[in-house]
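So the structure is just underneath, and the comments pick up after that.
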Amino acid sequence: KSFRSCEDCHSKTLELKSVLYNYQKTRKVASDGIIGGNLKGDSNFAGLSKNIILDYLSLIVLGMVVFGLAIHSYIRWYFKKVRNQQ
């Protein structure tokens, strides 16, 4: 008796699920490359959600934090330089 999809058989145990996941992951990486195969898969990775809006919002917030840290560092450096010149 054969099944139509891999999930019919491979969803029964955790070991079979991991074999199927690794097989699908290998095929996805082979076709889309390392970055595309890892980021555009059907599974969730730590830090990535299924909601693209949340993904972009988190990237925007991260960018704002990095920008804020850069501005803060520049201001501290500038005023330290001005104070040392006096």
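The same ILVMFWY cluster, assembled from side-chain heavy atoms under 4.5 Å apart, contains both V82 and Y74. Under the 4.5 Å side-chain heavy-atom criterion for ILVMFWY residues, no single connected hydrophobic cluster contains both L69 and L59.
Chaining together hydrophobic side chains whose heavy atoms lie under 4.5 Å apart places M64 alongside I60.
I75 meets the side chain to side chain contact (heavy atoms under 4.5 Å, CB included) test with I71, F79; sequence neighbours excluded.
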